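Encoded as structure tokens, the structure appears first; notes follow it.
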Amino acid sequence: MGYIFQFDPWRSRLCSCPQKWSLNPYTGCGHGCLYCYATSFIPKFFEPRPKKNFIRVIEREITKLPKGAVISLSNSSDPYQPLEEKYQYTRKFLELIKDLDLRLLIITKSDMVLRDLDLISREKTVISITITTKRFDRLLEPMAPSFERRLKAIIELKKKGYKVVARVDPLIPFINDSESVDIVRELFPYVDHIVVSTYKARPDSLRRLQTQFPKLSSHLKRLYLEMGSYFQNSIYLPLQIRKEILLKVTSLAKRLQLSVGLCREGIYPIQKLGKCDGSFLLIS
Ligand code: SF4
């Protein structure tokens, strides 16, 4: 396989996703999120480009997928980033798989996904919209659609009968962790599942946050570089702090009877196996 590959083939012990395949029509991303982890391993990440011979390669690769395979679109870029307006690779991919026995988990920060609903099956798709922050969207995700546009997209998708997931992450201490509960309350009527997780720092993303929020720079440094610990190239907050941040949201979700999953926290049983990304909604 070239462009479609098995998600997490190394089976990280912190990942509780069901088996799925991953596809990124573009290399890099134009949304410019400060906390993005993919900038640490993909060169020139914020200078996105379309994948070479995308359609030709994909046409061949989809014939090799097992029946009913779940394709996650996308994990280290956004399928509806600004380049999609010009190249429409995501749309072309949806056209290709429209009548095939494949299932989709679309993960985006863009309301551009509404453009393609004519090609997206309600039965075979879960759409996950990331809402990281309401207060700081222009600072943290400068080129992505605003909080309001994403919320409208979620409401529209729900109205149209899609299974909708909201990713309320990454939660960054001192920056957006305190607004997470209000965001979940606002999203609650329109979503089938939420995903929460804390910010796992990479040296470059941490530097970007420290530059953008200079008053918080020393707090972030202390929490991550002095008190945190490395796991698989990421720096995790101390366990107790992660629990405090996450429990605020998971307890609210429990009260609201809203399904909730954690992403790569390794805090069981709060992180339920197979329930993190929302792809379980495809099966149930
Ligand atoms: S949308 Fe996702 S892939 Fe794109 S910059 Fe933001 S975090 Fe990175």
Side-chain angles (χ1 to χ4, degrees), residues 3 5 7-8 15 17 20-51 54 71-87 89-90 93 104-116 126-151 153-154 165-172 175-177 180 183 194-209 211-213 233-235 263-264 276-278:
Y3 291 162
F5 53 89
F7 180 79
D8 191 15
C15 181
C17 290
K20 59 186 178 184
W21 301 78
S22 188
L23 171 66
N24 295 279
Y26 304 97
T27 302
C29 184
H31 283 161
C33 308
L34 300 190
Y35 51 74
C36 184
Y37 79 111
T39 55
S40 68
F41 56 86
I42 298 176
K44 297 187 182 166
F45 188 80
F46 288 143
E47 294 169 34
R49 51 272 181 203
K51 290 254 159 96
F54 178 72
I71 301 176
S72 176
L73 184 80
S74 302
N75 295 106
S76 47
S77 67
D78 193 315
Y80 290 104
Q81 60 174 293
L83 277 188
E84 171 65 12
E85 272 175 42
K86 177 173 174 194
Y87 292 96
Y89 278 9
T90 297
F93 167 70
L104 264 185
L105 172 63
I106 296 176
I107 307 162
T108 183
K109 289 190 172 106
S110 177
D111 51 355
M112 205 194 301
V113 63
L114 299 174
R115 179 199 68 186
D116 290 345
V126 167
I127 302 178
S128 176
I129 306 271
T130 305
I131 302 248
T132 308
T133 171
K134 187 172 178 173
R135 290 169 64 202
F136 296 120
D137 58 349
R138 291 311 81 209
L139 291 180
L140 284 176
E141 303 154 332
M143 256 68 90
S146 64
F147 166 84
E148 287 76 18
R149 280 174 57 186
R150 288 183 233 176
L151 178 62
I154 286 179
V165 170
R167 284 200 71 119
V168 184
D169 69 349
L171 299 177
I172 313 168
I175 299 180
N176 68 335
D177 63 317
S180 58
I183 291 175
I194 56 163
V195 184
V196 283
S197 69
T198 56
Y199 165 60
K200 282 79 175 186
R202 302 270 169 135
D204 64 336
S205 67
L206 187 61
R207 274 195 300 276
R208 288 193 294 267
L209 289 171
T211 307
Q212 183 68 278
F213 297 89
N233 301 325
S234 295
I235 313 167
C263 180
R264 292 187 186 236
C276 49
D277 60 358

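Order of appearance sets the numbers: ligands from 1, and atoms from 1 within every ligand. Since this is a predicted model, take the numbers as computed values, not measurements.
The protein non-hydrogen atom at the shortest distance from atom 3 (S) of ligand 1 is S77 CA, 3.4 Å.
Between R150 and D137 no salt bridge is recorded (no basic side-chain N to carboxylate O distance below 4.0 Å).
At distances below 3.5 Å, at least one donor-acceptor pair connects side-chain atoms of S110 with backbone N or O atoms of M112. Not a single donor-acceptor pair under 3.5 Å links the side chain of T108 to the backbone N or O of I129. Side chain of R135 to main chain of T133: no donor-acceptor pair is present (N/O by atom type, distance under 3.5 Å, no hydrogens or angles).
For K200, the salt bridge (charged side-chain N to carboxylate O under 4.0 Å, His left out) criterion is met by E265, not counting sequence neighbours.
Atom 6 (Fe) of ligand 1 has C33 SG as protein N, O or S atoms under 2.8 Å away.
Classified by interplanar angle (parallel below 30°, tilted 30° to 60°, perpendicular above 60°), the ring pair F213/F136 is perpendicular.
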